[in-house]
Amino acid sequence: MLSAQERAHVAQVWDLIAGHEAAFGAELLLRLFTVYPSTKIYFKHLGVCPDEAQLLTHGQRLLEAVGVAVQHTDHLRAALSPLADLHAQVLRVDPANFPLLIQCFHVMLASHLQGEFTVQMQAAWDKFLTEVAMVLTEKYQ
Amino acid sequence: MGFLSAEEKGLVNGLWGKVNVDEVGGEALGRLLVVYPWTQRFFQSFGDLSSADAIMSNSKVKAHGKKVLNSFSDGLKNIDDLKGAFAKLSELHCDKLHVDPENFRLLGNVLVCVLAHHFGHDFNPQVQAAFQKVVAGVANALAHKYH
């Protein structure tokens, strides 16, 4: 559960991302695939070497889903239920991969936003994304 | 090929040469304590850790962060034998300090974030990949002597 202060920080982070979902999403995926190559197995449909267009398309989809989560921090389970079903029944991404994505998210935000991405914002964003990951993998067993 | 490729060594040493090890150490340890508050369990004697601001300006946190990162930096000089370089410290962290090795991974990840913070766009995916390899190697080396 996020405190009011944490929800405010999450909103602050989202304000810096909104409008640039495709670009941020693409970089997030690129970092994920470069740093943790085993994660590529979940994206076989993007081909052996996804090109920029594919990264932008898929990246946008990913970040738009994050945006939905940001709007519903109080009812994540309800808001993300279809995505949770998808991850449990179709995608079946091993839960160990979500912290890898979260790390890449922090690194990306830190490198783009530098001073604007404060330690309080990182703490709240980490808590929020960890909750999202938990909801997405809750129906696995 | 050793632990890192020649290209990765170049990326790591190139960036590390520009790092203010003392400052980055304090920042990384501070960030660890703020973002993952349960890690404060090892620092009960450090005084005021009651808020993010208190932690980031705490002089004991800065001093300890400096010590930790200087150790890390020394270890980097032996990148092809991290287990040897950190053997004594591994024993210390197990036998005396009783630190769960998971904390080494957390601190490593936070250190990577701090580097990204400082170097901005220069901290591109290839540089991140090389550093994540390094911090994972150091974490494993520090866990190696646990029994």
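The chains referred to below are lettered A, B, ... by the order of the sequence lines, with proteins before strands, and numbering in each begins at 1.
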Next item on the list: Check whether V132(A) and L63(A) end up in the same hydrophobic cluster, where Ile, Leu, Val, Met, Phe, Trp and Tyr are linked by side-chain heavy atoms less than 4.5 Å apart.
Entry: yes
Notebook entry, point to check: Atom CD in Q128(B), atom CG in L32(A): separation rounded to 0.5 Å?
Noted result: 9.5 Å
Next item on the list: Write down the atom of C113(B), the atom of H106(A), and the distance for their closest heavy-atom approach.
Entry: SG-CB, 3.6 Å
Notebook entry, point to check: What heavy-atom pair brings Q103(A) and Q132(B) nearest, and what distance separates the two atoms?
Noted result: NE2-OE1, 2.9 Å
Item checked: More than 12 heavy atoms of other groups within 6.0 Å of K66(B) NZ -> no
Next item on the list: To the nearest 0.5 Å, tell me how far S111(A) OG sits from L115(B) CG.
Entry: 11.5 Å
Next item on the list: Report yes or no: do F131(B) and I102(A) belong to one cluster of Ile/Leu/Val/Met/Phe/Trp/Tyr joined by side chain heavy-atom distances under 4.5 Å?
Entry: no
Next item on the list: Indicate, with yes or no, if V99(B) and L106(B) share a hydrophobic cluster defined by side-chain heavy-atom contacts under 4.5 Å among Ile, Leu, Val, Met, Phe, Trp and Tyr.
Entry: yes
Note to self: With a strict 4.5 Å heavy-atom criterion, list every residue of residues 26-36 of chain B that contacts chain A, or say none.
What the structure shows: R31(B), V34(B), V35(B), Y36(B)
Check: Rounded to the nearest 0.5 Å, how far apart are CZ of F123(B) and CD of Q114(A)?
Finding: 12.0 Å
Next item on the list: Against chain A, work out which of A129(B), P37(B), A52(B), P125(B) has the most heavy-atom pairs shorter than 4.5 Å and name it.
Entry: P125(B)
Note to self: Measuring from atom NE2 of H121(B) to atom NE2 of H112(A), what distance do you get when rounded to the nearest 0.5 angstrom?
What the structure shows: 5.0 Å
Notebook entry, point to check: Got more than 12 heavy atoms from elsewhere within 6.0 Å of NZ, K139(A)?
Noted result: yes
Check: Taking C104(A), G115(A), A123(A) one by one, which has the highest count of heavy-atom pairs under 4.5 Å against chain B?
Finding: A123(A)
Notebook entry, point to check: Should L100(A) and M134(A) be regarded as members of a common hydrophobic cluster, given that ILVMFWY residues are connected when their side-chain heavy atoms come within less than 4.5 Å of each other, either directly or indirectly?
Noted result: no
Notebook entry, point to check: Nearest heavy-atom pair of V119(A) and M56(B): which atoms, and what distance?
Noted result: CG1-CG, 4.0 Å
Margin query: I need the residue from N109(B), V110(B), D122(B), V114(B) with the largest number of non-hydrogen atom pairs under 4.5 Å to chain A.
Written below: N109(B)
Checklist line | Contacting region of N124(B) [heavy-atom separation from chain A under 4.5 Å] | finding: backbone
Checklist line | Contact origin within F33(A) toward chain B - heavy atom pairs under 4.5 Å | finding: neither
Check: According to a 4.5 Å side-chain heavy-atom criterion applied to Ile, Leu, Val, Met, Phe, Trp and Tyr, with indirect links allowed, do L101(A) and V68(A) form part of one hydrophobic cluster?
Finding: no
